[in-house]
Amino acid sequence: MDTILDNLNPEQLAAVTLPSQSALILAGAGSGKTRVLTTRIAWLLKTGQVSTSGIMAVTFTNKAAKEMLSRLSVMFPVNARGMWIGTFHGLCNRLLRTHYQDAALPQSFNILDSQDQLSTVKRLLKTNNIDDDKYPPRNLVYFINHAKESGYRASHVEPQDDYERKMVELYSLYEDQCQREGVVDFAELLLRSYELLERNQTLREHYQDRFRHILVDEFQDTNNLQYKWLKLLAGNDSSIFAVGDDDQSIYAFRGANVGNMLSFQQDFNVQNLIRLEQNYRSHGNILEAANTLIAHNRNRLGKNLHTDAGEGEPIRICEAPSDLNEVQWILEEVNHLIREGMERKQIAVLYRSNAQSRVIEHGLFSAGIPYRVYGGLRFFERAEIKHAIAYLQLIDNPANNAAFLRVVNFPARGIGARTIENLQEMARMHDISLFEAIPYVSGKGGTALGSFIRLIQSIRAEVQPMNLPTLIQTVLEKSGLMMHYQTEKEGADRLENLEQLVSAAMLFLSEEGFSQEAPALMTEAVTPAGEKSMLTVDEVMDADVPLSMIMSPLSAFLTHASLEAGENQAQEGQDALQLMTVHSAKGLEFDAVFITGLEEGLFPHENSAREDGGLEEERRLMYVAITRARKRLYLSYAQTRMLHGHMRYNVSSRFVAELPDKTMKWLTPKKQSSYLNPRHEPTARFDQSSVPQMQAPASFHKNSEWRIGETVIHKKFGEGVIVGLEGQGANVRANINFGRHGMKLLDLSIAKLEHAS
DNA sequence: ATCAAATTTATTTTT
DNA sequence: TAAATTTGAT
């Protein structure tokens, strides 16, 4: 008992041992947040206040959920079965699988990931003959998700204008289509389970009664629907232990609402607000910089981090003439750190947007320094894996038209667009799935479709008794996917990934406690007669029903594929420099951190100026970046930078000017807070000899060469008239009317023009 | 049905 | 610049 509370500081101890009331823990960066969360659970269990089944712990990422579980099992011999520890989406999935009938879902509903959702919407627009220039699929997806995350069904949305009226109508059609096809998108998991509990008093009271303690990680990231969901589940008697940091709220752009922290204090009459301000991560200078920076934000609950560690090294900052020089400087400093004995994986290079990684990678590559870039395609998002998954989904749920369309002609089997159109027409006429509509299609297309249906059915029959890995292997072979990639010249990697899918399935079964040998298509609850033993509602709810009782191994694996897209980092394990956006660095820490591209327009990003609260969110982002560093912090910016094929001339970020002088060491001469007066002298102090220099574009000294009204000749477009000139220096662009080719805006440093004499 | 050319567009991202 | 998507041609 005592041992788990050992070494907690007074605030942590207070938080862990709070009475059973709702509480808000303001946990600063590096203040031992996860420790408090897991110790709280262990303490509740050890003091006998609650049993494992009475606890729910919610996180945003699978990684965080796993981390919590593994740290908990060190402190307490956990029966993982009974505890509901998982992501919002994972827990909602569990609710919906358990009560699929009450939720009006088929037992084996499939989950759409964002890619799937977008293609579903595109298909919807096409079948309804909607002009997708007028109603872009992306906008519709945004509209739908936004509505769902506010808790609104199509019927609840009050359209403000004709455009919205149409969007609502399409939202409604989308709802119908998903329902028909037995698929559910991410937001739907939340909304559907919210509605389930709201509508069904028995269920609601059961779960409210059961989960006496609900713990929420990263509370500042909750969206409105997640907050409503928590409120509903907590009812009047359960307590919510919410841990979060308003200063680290960086996901407003995807619906996170920091305001939930304030609402929570009111709605739950929170008496206990505890601040964890003791930082165990960073040296003093780094913390002071972070504190000073974030103090520029107006809307805060307020918090100041402190440390027992000394002030440590100063923060080193460099103004580079160009992005190339900036990288050169990073290289020098990195080599220095490595020579001092720092591990490469303890060094992170952070940037605001992914596009910035290119130059950095290039530099590291040339210098032969191993690095690892975070982000990019994850395992289950790869095309070949998505194809394989689609075959599996079709076997799991034949109504899934998205899956059907993805593979009906992949590998190619002569089923063309025309045939598909006929099929879709038939499906619509008879109100059935594409799969069921096949017999209605006659002619050549009908024959090809006929063999497809026979293929799927024969696979399904063959696969009936198989366990999951064997089933997948069989599907890969019989579908022709293997053969397809064997014959494709660049298919080797893809084949390897497909093989990995089989191993992923094996790993999944053992991790989730499924029997390795059970038939993949059936749940374990099978009587000797082969009939499903129906659990009563009470049994389902009261017993701690393992996932394997409510989902077949196949359904469970498909869910896993959608909800946990897998690793997105290459070459794990190697000692390599870490490259990532500031967003993906959240939650991580490193001995040394480089924050690059500290320029107005980049960081803070220019687009953020248009959103309200945008600048404060950018500043929080900077705060997150700074607080990643343990011992060393490096900042840099460049006077010129190549972006989207154009040269950009940036001034330094206001965030640089907001940092306290005494914590900084300038490696280039310091400028007067240059973001306030954009015109400044270029520095000549930088050694540029080792760096390829940008050549000044031909039109650099004003564009006397070209005049408005002049006729010019272009290789492709022929004769045209200059109607406008804009920009300066390298940025000169000309608006030229090329008659039948229309108006073109050409970059004069790139386009080759001739004067028409 | 497939590939090449043209056009467009470029924050941040987990589930 | 470069990647992704759409259009157009064979």
Side-chain angles (χ1 to χ4, degrees), chain A residues 58-65 86-93 111-118 122 132-133 136-138 145 148-149 184-191 217-218 221-223 225-226 249-256 323 350-359 362 374-378 380-381 409-410 412-420 559-566 568 580-587 597 601-611 614 617-618 620-622 624-625 641-648 716-717 741-742 744-745 747 749-750:
Chain A
V58 204
T59 64
F60 279 85
T61 65
N62 294 296
K63 197 176 155 205
T87 62
F88 277 100
H89 294 85
L91 298 178
C92 286
N93 174 61
I111 299 169
L112 300 179
D113 67 19
S114 341
Q115 286 178 42
D116 301 333
Q117 190 189 22
L118 184 63
K122 281 181 180 164
D132 57 3
D133 284 328
R138 277 168 198 290
N145 290 340
K148 287 188 178 183
E149 280 163 13
V184 153
D185 61 43
F186 288 138
E188 184 72 24
L189 285 170
L190 259 304
L191 182 53
D217 188 22
E218 305 276 17
D221 287 341
T222 51
N223 66 32
L225 181 55
Q226 286 159 340
S249 160
I250 56 174
Y251 285 115
F253 72 90
R254 67 177 194 210
D323 46 354
L350 309 184
Y351 34 81
R352 172 68 237 266
S353 66
N354 288 301
Q356 290 165 250
S357 77
R358 187 170 299 281
V359 229
H362 184 80
Y374 283 67
L377 265 200
R378 335 250 295 280
F380 286 105
E381 290 168 351
N409 196 37
F410 192 92
R413 18 177 105 81
I415 299 173
R418 202 62 254 263
T419 307
I420 298 297
T559 300
H560 168 79
S562 311
L563 252 33
E564 191 164 357
N568 61 357
M580 66 192 84
T581 62
V582 180
H583 281 92
S584 26
K586 189 174 163 215
L602 251 196
F603 197 2
H605 197 279
E606 52 200 353
N607 294 358
S608 71
R610 274 168 247 146
E611 302 151 14
E617 177 143 325
E618 294 289 305
R620 291 193 292 269
L621 200 49
M622 181 66 182
V624 166
R641 177 182 297 277
M642 207 49 159
L643 196 69
H644 307 325
H646 288 292
M647 193 63 84
R648 303 246 317 207
K716 282 243 163 51
F717 305 122
H741 293 287
K744 307 281 174 194
L745 187 60
D747 188 327
S749 61
I750 292 167

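The analysis underlying the following values was restricted to heavy atoms, covering all of them including side chains, and did not include hydrogens, waters or symmetry mates. A note on names: the letters A, B, ... follow the listed sequences, proteins ahead of strands, and every chain is numbered from 1.
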Revision key, fill the gap. Residues passing the salt bridge (charged side-chain N to carboxylate O under 4.0 Å, His left out) test with A:E611, sequence neighbours excluded, are none
Review point. What residues form a salt bridge (charged side-chain N to carboxylate O under 4.0 Å, His left out) with A:E218, not counting sequence neighbours?
Key: A:K33, A:K586
Given [N], is OP1 or OP2 found less than 4.0 Å from the side-chain N or O atoms of [X]?
{"X": "A:N62", "N": "B:dT15", "value": "yes"}
{"X": "A:R254", "N": "B:dT15", "value": "no"}
{"X": "A:R378", "N": "B:dT15", "value": "yes"}

Review point. NA contact type, A:D221, heavy-atom cut-off 4.0 Å: base, sugar-phosphate, or nothing?
Key: nothing
Practice item. Tell whether A:S114 reaches the base of B:dT15 with its side chain through a donor-acceptor pair below 3.5 angstrom. Key: yes
Between the protein and nucleotides 9-12 of chain B, list the N/O to N/O atom pairs that are separated by less than 3.5 angstrom.
residue : atom : partner : partner atom : Å
B:dA10  : N3   : A:H644  : ND1          : 3.4
B:dT11  : O4'  : A:H605  : NE2          : 3.2
B:dT11  : O2   : A:R352  : NH1          : 2.8
B:dT11  : O2   : A:R352  : NH2          : 2.4
B:dT11  : O4   : A:E611  : OE2          : 2.2
B:dT12  : OP1  : A:N354  : N            : 2.7
B:dT12  : OP1  : A:N354  : ND2          : 2.9
B:dT12  : O4'  : A:R352  : NH2          : 3.0
B:dT12  : O2   : A:R352  : NH2          : 2.7

With sequence neighbours excluded, what pairs up with [X] under the side chain to side chain contact (heavy atoms under 4.5 Å, CB included) test?
{"X": "A:N62", "value": "A:T87, A:E564"}
{"X": "A:R418", "value": "A:E421, A:N422"}
{"X": "A:E606", "value": "A:R648"}

**Study point:** Full working for side-chain hydrogen bond (donor to acceptor under 3.5 Å, both in side chains) between A:Q356 and A:D323
**Key:** CA-CA 9 Å; A:Q356 290 165 250; A:D323 46 354; over 6 Å; no
Point to revise | Whole-Å C1' distance, C:dA3 and B:dT14 | key: 23 Å
Check your understanding: Rounding to the closest angstrom, what is the interatomic distance between C:dT5 and B:dT12 at atom P?
Key -> 15 Å
Check your understanding: For A:Y351, which residues count as a ring-ring contact (aromatic ring centres under 6.0 Å, His included) partner, sequence neighbours excluded?
Key -> none
Exercise for review: Only counting residues at least two apart or in another chain, list the ones meeting side-chain hydrogen bond (donor to acceptor under 3.5 Å, both in side chains) with A:E188.
Suggested key: A:K148, A:R153, A:R192
Exercise for review: Enumerate, in order of first residue number, the stems that involve DNA chain B, defined as 3 or more consecutive Watson-Crick or G-U wobble pairs with both distances under 3.5 Å.
Suggested key: B:1-10 with C:1-10
